Trainee: 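Structure in structure tokens, see below.
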Amino acid sequence: MTTVAPRSACAAGPARAPRLRADASRNRERIVLAARDAFVEHGADAPLDEIAKRAGVGNATLYRNFPTRTALIREVALLVKNRIVAIAERAAAEVPGPFDALERFAHETVDEKVGALCPLLTNRVDLNDPDLVEARERLMAVAGGLLERAKAAGEARPDVDHGDLFIALSQLTRPLPGTSCHVLDGFVHRHLQLFLDGMRAPAPTVLPGRAATFEDFHGDH
């Protein structure tokens with residue numbers, strides 16, 4: 001009688017492990033994105049059970065990936081900064097017009113609702129965390145480069161700086177007291193365009209005060 005040898009663990013392992021790693025990675029990403037949305041709506045104390053439900057995972061999966069709320073908040077902060085860096089890099093690479101690239105970056109960045117997350121990103125994480133510092137420095141370099149290109153081309157007024165843009169991006173996506181985030185969503189891009197039009201050269205007026213820079217925020221935004 002012919003005996004069929006069982007599959008060895010070595011033969012089975014390579015076929016299964018990548019799939020498990022991919023599943024775990026997708027679960028982790030879903031948790032972080034769900035946490036971002038929950039934090040936008042409810043603040044840093046959003047229920048973790050609700051975050052797990054939004055992500056479509058069990059509570060055990062959430063806690064296995066993020067054993068503490070602080071760990072989850074740190075991951076959201078890193079996600080948001082890296083997503084904005086990617087937005088800036090795509091705009092720089094894909095949009096030939098300097099001011100057009102700046103506009104695309106600004107409009108895509110407000111969709112990340114960075115203003116609503118600002119207290120979370122600055123008050124609940126270690127700003128000296130090496131990964132966050134690296135992401136922040138990359139953001140300053142690539143986003144700052146977009147504005148400098150527009151200024152060098154004579155398309156952006158010379159009396160604005162990077163901080164001016166990030167104040168607008170933050171304030172336009174920060175909920176007003178007594179209102180819902182969703183109420184403002186329909187107006188954000190309209191008001192952002194009003195601001196961007198004011199950044200164009202030639203400037204019709206002289207701005208009071210001085211331009212805001214990244215250094216004014218110690219890299220927190």
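These numbers come from a predicted model, not from an experiment.
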Trainee: Taking only residues two or more places apart in sequence or in another chain, which ones pass side chain to side chain contact (heavy atoms under 4.5 Å, CB included) with Thr68?
Mentor: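 Thr70, Ala71.
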
Trainee: Roughly how far, to the nearest 0.5 Å, is the CG atom of Leu194 from the NE2 atom of His189?
Mentor: 13.5 Å

Trainee: Determine, for Glu137 against Lys81, whether the closest basic-nitrogen to carboxylate-oxygen distance falls under 4.0 angstrom.
Mentor: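 Salt bridge flag = no for Lys81 with Glu137.
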
Trainee: Is the shortest side-chain heavy-atom distance between Leu102 and Met199 below 4.5 Å?
Mentor: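 Side chain of Leu102 against side chain of Met199, heavy atoms only: contact under 4.5 Å found.
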
Trainee: Please list, chain by chain and in numerical order, all residues satisfying side chain to side chain contact (heavy atoms under 4.5 Å, CB included) with Glu108, sequence neighbours excluded.
Mentor: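 Side chain to side chain contact (heavy atoms under 4.5 Å, CB included) list for Glu108, sorted by chain: Ile87, Arg90, Arg104.
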
Trainee: I need the Leu33 CG to Leu79 CG distance, nearest 0.5 Å.
Mentor: 5.5 Å

Trainee: Please determine whether residues Val95 and Leu165 belong to a single hydrophobic cluster, defined as Ile, Leu, Val, Met, Phe, Trp and Tyr linked transitively by side-chain heavy-atom distances below 4.5 Å.
Mentor: no

Trainee: Would you call Arg74 and Asp126 a salt bridge, taking side-chain N to carboxylate O under 4.0 Å as the test?
Mentor: no

Trainee: I'd like to check Val142 versus Phe105 (side-chain heavy atoms, cut-off strictly below 4.5 Å). Are they in contact?
Mentor: no

Trainee: Taking it one step at a time, do His107 and Leu196 satisfy side chain to side chain contact (heavy atoms under 4.5 Å, CB included)?
Mentor: CA-CA 10 Å; His107 279 287; Leu196 290 169; 3.8 Å; yes

Trainee: Any idea which heavy atoms bring Leu146 and Ala101 closest together, and the distance?
Mentor: CD2-CB, 4.0 Å

Trainee: Would you please say whether a donor-acceptor pair under 3.5 Å links the side chains of Asn65 and Asn27?
Mentor: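 No, no side-chain donor-acceptor pair sits under 3.5 Å.
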
Trainee: Find the distance between CG (Leu62) and CD (Glu50) and round it off to the nearest 0.5 Å.
Mentor: 11.5 Å

Trainee: Checking side chain to side chain contact (heavy atoms under 4.5 Å, CB included) for the pair Ile31/Glu75: CA distance, chi angles, key distance, verdict?
Mentor: CA-CA 10 Å; Ile31 292 168; Glu75 197 68 17; over 6 Å; no

Trainee: If you round to the nearest 0.5 Å, how far is CG of Leu78 from CD1 of Ile73?
Mentor: 14.0 Å

Trainee: Enumerate the residue pairs fulfilling ring pair (Phe, Tyr, Trp, His ring centres under 6.0 Å) with a member in residues 29-50, sequence neighbours excluded, ordered by first and then second residue.
Mentor: none

Trainee: Please find the pair of heavy atoms, one from Ala38 and one from Ala46, that lie closest to each other, and give the distance.
Mentor: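 Closest heavy-atom pair between Ala38 and Ala46: O-CB, 3.8 Å.
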
Trainee: What I want to find out is whether Arg138 reaches Glu134 closely enough, with some N-O distance under 4.0 Å, to be called a salt bridge.
Mentor: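 Result for this pair is no, no salt bridge flagged.
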
Trainee: Does this structure show an ion pair linking Glu41 with Arg54, if we count only N-O contacts that are shorter than 4.0 Å?
Mentor: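 Judged by the 4.0 Å cut-off on N to carboxylate O distance, Glu41 and Arg54 do form a salt bridge.
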
Trainee: What are the two closest heavy atoms between Ala44 and Arg69, and how far apart are they?
Mentor: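 Shortest heavy-atom separation between Ala44 and Arg69 comes out as O-NH1, 2.7 Å.
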
Trainee: Can you measure from CG (Asp164) to CG (Leu147) and round to the nearest 0.5 angstrom?
Mentor: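 The distance works out to 8.5 Å.
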
Trainee: How far apart are the closest heavy atoms of Ala212 and Asp161, and which atoms are they?
Mentor: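 Scanning both residues, the minimum pair turns out to be O-CB, 3.1 Å.
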
Trainee: Quick one: does Thr61's side chain have a donor or acceptor within less than 3.5 Å of a partner on Val57's backbone?
Mentor: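 Judged by distance alone, no pair lies under 3.5 Å.
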
Trainee: More than 12 heavy atoms of other residues, nucleotides or ligands under 6.0 Å from CD of Glu29: yes or no?
Mentor: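 No, the 6.0 Å shell around CD holds no more than 12 heavy atoms from other groups.
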
Trainee: Test of understanding: clusters of I, L, V, M, F, W, Y form through side-chain heavy atoms closer than 4.5 Å, transitively. Do Val85 and Val133 belong to the same one?
Mentor: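 No; Val133 is not reachable from Val85 via cluster members.
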
Trainee: Looking only at non-hydrogen atoms, find the nearest pair between Ala106 and Leu169 and report the distance.
Mentor: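 Where Ala106 meets Leu169 most closely, the heavy atoms are O-CD2, 3.7 Å.
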
Trainee: Answer yes or no: is there a side-chain heavy-atom contact under 4.5 Å between Leu132 and Leu127?
Mentor: no

Trainee: Checking side chain to side chain contact (heavy atoms under 4.5 Å, CB included) for the pair Thr205/Arg157: CA distance, chi angles, key distance, verdict?
Mentor: CA-CA 10 Å; Thr205 61; Arg157 56 191 300 162; 4.1 Å; yes

Trainee: Are the side chain of Ser170 and the backbone of Ile167 linked by a donor-acceptor contact shorter than 3.5 Å?
Mentor: no

Trainee: Pair Phe66, Arg28 - check side chain to side chain contact (heavy atoms under 4.5 Å, CB included), show working.
Mentor: CA-CA 9 Å; Phe66 304 103; Arg28 186 179 179 88; 3.5 Å; yes

Trainee: Can you tell me how far apart CG (Asp197) and CZ (Phe99) are? Round to the nearest 0.5 Å.
Mentor: 7.0 Å

Trainee: If you take all heavy atoms of Ala201 and Gly154, which pair is closest and at what distance?
Mentor: CB-O, 3.3 Å

